[in-house]
Protein chains: 4
Amino acid sequence: MTKVARLYEGTETAGKREAILNAALRLFTERGFHGTAMPSVAELAGVGAGTIYRYFESKEALVNTLYRDWKNFQITTILKDVPEETPLREQFRIYWNRLVEFAAEFPIAFGFLELHFHAPYLDEESRAMEERGHNALVSFFQHCLRQQIVKNLPPEMLGALVVGAYVGLVKASRAGCFQLTQEMIDQAEACCWEAIRR
Amino acid sequence: MTKVARLYEGTETAGKREAILNAALRLFTERGFHGTAMPSVAELAGVGAGTIYRYFESKEALVNTLYRDWKNFQITTILKDVPEETPLREQFRIYWNRLVEFAAEFPIAFGFLELHFHAPYLDEESRAMEERGHNALVSFFQHCLRQQIVKNLPPEMLGALVVGAYVGLVKASRAGCFQLTQEMIDQAEACCWEAIRR
Amino acid sequence: MTKVARLYEGTETAGKREAILNAALRLFTERGFHGTAMPSVAELAGVGAGTIYRYFESKEALVNTLYRDWKNFQITTILKDVPEETPLREQFRIYWNRLVEFAAEFPIAFGFLELHFHAPYLDEESRAMEERGHNALVSFFQHCLRQQIVKNLPPEMLGALVVGAYVGLVKASRAGCFQLTQEMIDQAEACCWEAIRR
Amino acid sequence: MTKVARLYEGTETAGKREAILNAALRLFTERGFHGTAMPSVAELAGVGAGTIYRYFESKEALVNTLYRDWKNFQITTILKDVPEETPLREQFRIYWNRLVEFAAEFPIAFGFLELHFHAPYLDEESRAMEERGHNALVSFFQHCLRQQIVKNLPPEMLGALVVGAYVGLVKASRAGCFQLTQEMIDQAEACCWEAIRR
DNA sequence: CATGAATGAGTTTTCATTCAT
DNA sequence: GATGAATGAAAACTCATTCAT
């Protein structure tokens, strides 16, 4: 059983709701929001078409739940348990590895979050979650800036470059350009740090 | 200059085909392929709904034409007129600036190409065009590798990191995180080079 | 007193069947038969959706039970305890007052019976009940005709005019056009008698 | 060709819109608003299901158009060309006859207007039209009251009794209780006048 | 050529009814 | 007996595509 499924397994409500969310995650990622028909979600989830509406008010509610849950999970997974006193260079390494691990362990969710970044059908709450991730990123680079260990550039720009490189790397590896070994991940991390370090 | 480029010039000379491509570019970028109704494309283009089908066999044919035309235009624009003997470090600077200029001059087309990267409704020919861009990128970094001026990493990976950083930068600036000045563009270019240089 | 009547009394003694009939009466009257969802009936009745089907075979069976019970109750209430020897003019007064009282005491049931008059989903038995009320009406006016105290018109027509006036009066008062006082009820009764008396 | 059809034939838009309105009029009257499926309207109208939505925004818009058009037509038909100086007793006779004629010539529309009186899906504008008819009625009886030729009762009540009797009469004749001859119509008119005259 | 009205297959969503608990 | 989650058929509505004008 993959970890993908496990995000939606902990609760005792169990079963249908998780099946729907997992089916929707896959189909929305593969075909996009408007390209996915609700009956196809139901079929993949192994439930009746009407059943989805017992758990989610609408298709939009479904995609938003998915976005919030996964974005929240991603942020939590990446930020958890890093002692404040850890050197920032070391923190950078940790976050980088966690980002890559997240994409490796939850490839569909990674694709989903990428595809739905800033999508017009995301609601207030989903956007707030997006914002939360963004703030954590900016906050880290502000910290780096204060310690003068990175180039004197806007923290948003530093974040954009590093996260952009991360996304590019993962997408390219997923497109089959290369297989990501731990060595390559480490090398990429080194590249990114060198890109921004003072 | 191709017809694709002319779409963004004066509309008085534009034929119906251009008007349709123009309208479709905007709507597909804003709402996605499945989220865009053909009649809405017709309306924005100022033509009858049936007229689209005189120029394009289907909605898929339209999006593929758009993808091919713009991808081709992007590749051509970025690669043109760089003498082989130009130092690679200088070539890198040129390509970087052209990428950023392209995104600035054709922001909708940039968004369109990003959004439709690897979309399931793109056909063989469109994928071949994608491949062509990819090959040019890889080829450049192979050249760099042979001259041992960049880190000894797969050229696809070097490309992924740099282009990823570029995409991240442009998207962040478009999301309103910051305004891209020439100085920042130059600084970002320096970052990217430092990321990969040996 | 039948169970139908008891529905409008204290709810603490009411069984589930009564609760369902009560809820259905209100919702069918407010939103119509097809406009009312069975789960909404269940919710208002405070029972599970499946429970309705322990008491009624289908939605049609429910509306027919309701129609029959209330039509029967209406007829019974209006006709009861009028000695045959009572002068017909006096009987007319009695019936008129009982009709108005019925509409005042059971306004929802009055609306329900009006709305469902001749509805296509009423079954044989419900139509027979409708017929029974009609026959009582016609029979009364035949009696009047035999005594030559009313105009020499078909009894059905006399009934239609008087009952029509009654329905019009009640509906108008319910629409808020005026408040029905006993004086007005008496005056209306006088009008109706003058309409048909010889 | 019946007059029912003719209400929607005068315009040069012709054809589909009228066919849809006429089909909807029949089905809404026979089965009610919620009991009528849009595809069944389309089928009876002899058009595609999607075509209805080229002419009417929604099912509600369709029923409201129908209600407004017919209510307006009814009011106009009944009130037209009655010189102010006509004696009120004579006006009463004219209006009565026109009401009955309307119901005879447009039996489905009569049923439609009766069934949808005060329906919850009627919009502001439709209710305003309802009000307009009501006002004309009240206004007539106020005139009668001022001339002291009718009983001293609220004009709304006089109207409710007379119109109620009219509706009862028509409904009964339509239910097959009797065939309405001109003689009977005249007699009914006499009844109604006697009901309210001073 | 250009149009846009017309279409019907497909979409999202609802709801009468069932059935395992 | 009572429940309410589950269902799938059918509802309202949309839209890619066609074709008569």
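Below, chain A is the first sequence line, B the second, and so on; all start at residue 1. This is a predicted model, so every value here is computed, not measured.
Distance CG (Leu27(A)) to C1' (dT11(E)): 15 Å, rounded to an integer number of Å. Tyr121(A) places its OH atom 13 Å from the P atom of dT12(E), with the value rounded to the nearest Å. Glu43(D) places its CD atom 15 Å from the C1' atom of dT7(E), with the value rounded to the nearest Å. Rounding to whole angstrom units, CD1 of residue Ile20(D) and P of dA5(E) are separated by 13 Å. Atom CD of Glu60(B) is separated from atom P of dC15(F) by 17 Å (rounded to the nearest Å). Taking atom CZ on Phe56(B) and atom P on dA2(E), their separation rounds to 12 Å, with Å as the unit. Between Ile52(B) atom CD1 and dA5(E) atom P the separation is 15 Å, expressed in whole Å. Here dC15(E) presents its P atom at 16 Å from CG of Leu62(C), a figure rounded to the nearest Å.
With the nearest nucleotide of DNA chain E identified for both Ser40(C) and Val47(B), Val47(B) has the one nearer the 5' end. Between Ser58(D) and Glu57(B), the residue anchored closer to the 5' end of DNA chain F is Ser58(D), taking for each the nucleotide with the nearest heavy atom. In terms of position along DNA chain F, the nucleotide closest to Arg54(A) lies nearer the 5' end than the nucleotide closest to the other residue of the pair Gly50(A) and Arg54(A). Nearer the 5' end of DNA chain E, as judged by each residue's closest nucleotide, is the contact made by Gly35(C), out of Gly35(C) and Ala49(C).
In this model, the phosphate group of dA11(F) is not approached by any side-chain N or O of Lys59(D) to a distance below 4.0 Å at OP1 or OP2. For the pair Lys16(C) and dG1(F), the criterion of a side-chain N or O lying under 4.0 Å from OP1 or OP2 is not met. Applying the 4.0 Å criterion to OP1 and OP2 of dA2(F), one finds that Tyr55(C) has a side-chain N or O inside that range. Here Tyr53(C) reaches the OP1 or OP2 of dT17(E): one of its side-chain N or O atoms lies under 4.0 Å away.
Taking every side-chain heavy atom of Met38(B) into account, dT17(F) is the closest of dT7(F), dA2(F), dT17(F).
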Show me, pair by pair, the donor-acceptor contacts under 3.5 angstrom made by side chains of residues 25-37 of chain D, not counting sequence neighbours?
residue: Thr29(D); atom: OG1; partner: Leu25(D); partner atom: O; Å: 2.6
residue: Thr36(D); atom: OG1; partner: Leu27(D); partner atom: O; Å: 3.1
residue: Thr36(D); atom: OG1; partner: Gly32(D); partner atom: O; Å: 2.6

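If you check dA20(E) for Watson-Crick or wobble pairing at under 3.5 angstrom, you find it paired to dT3(F). Nucleotide dT12(E) is matched to dA11(F) when pairs are restricted to Watson-Crick or G-U wobble geometry with both distances under 3.5 angstrom.
As judged by a 4.0 angstrom heavy-atom cut-off over every strand, Ala37(D) is placed among residues touching the sugar-phosphate backbone only. Within 4.0 Å (heavy atoms only), Pro39(A) reaches at least one base atom of the nucleic acid. Using a 4.0 Å heavy-atom cutoff across all strands shown, Thr36(A) reaches sugar-phosphate atoms only and no base atom.
Checking Asp69(A), Asn64(A), Asn72(A) one by one against Met129(A), the side chain to side chain contact (heavy atoms under 4.5 Å, CB included) holds for a single residue, Asn72(A).
Using a 4.5 Å heavy-atom threshold, the side chains of Val47(B) and Arg54(B) count as separate.
The two residues Leu62(A) and Ile52(A) have their closest heavy-atom pair at CD2-CG2, 4.4 Å. Closest of all the heavy-atom pairs between Phe117(B) and Glu130(B) is CA-OE2, 3.6 Å.
Between Tyr67(A) and Phe112(A), the ring-plane angle classifies as tilted under the 30° and 60° cut-offs.
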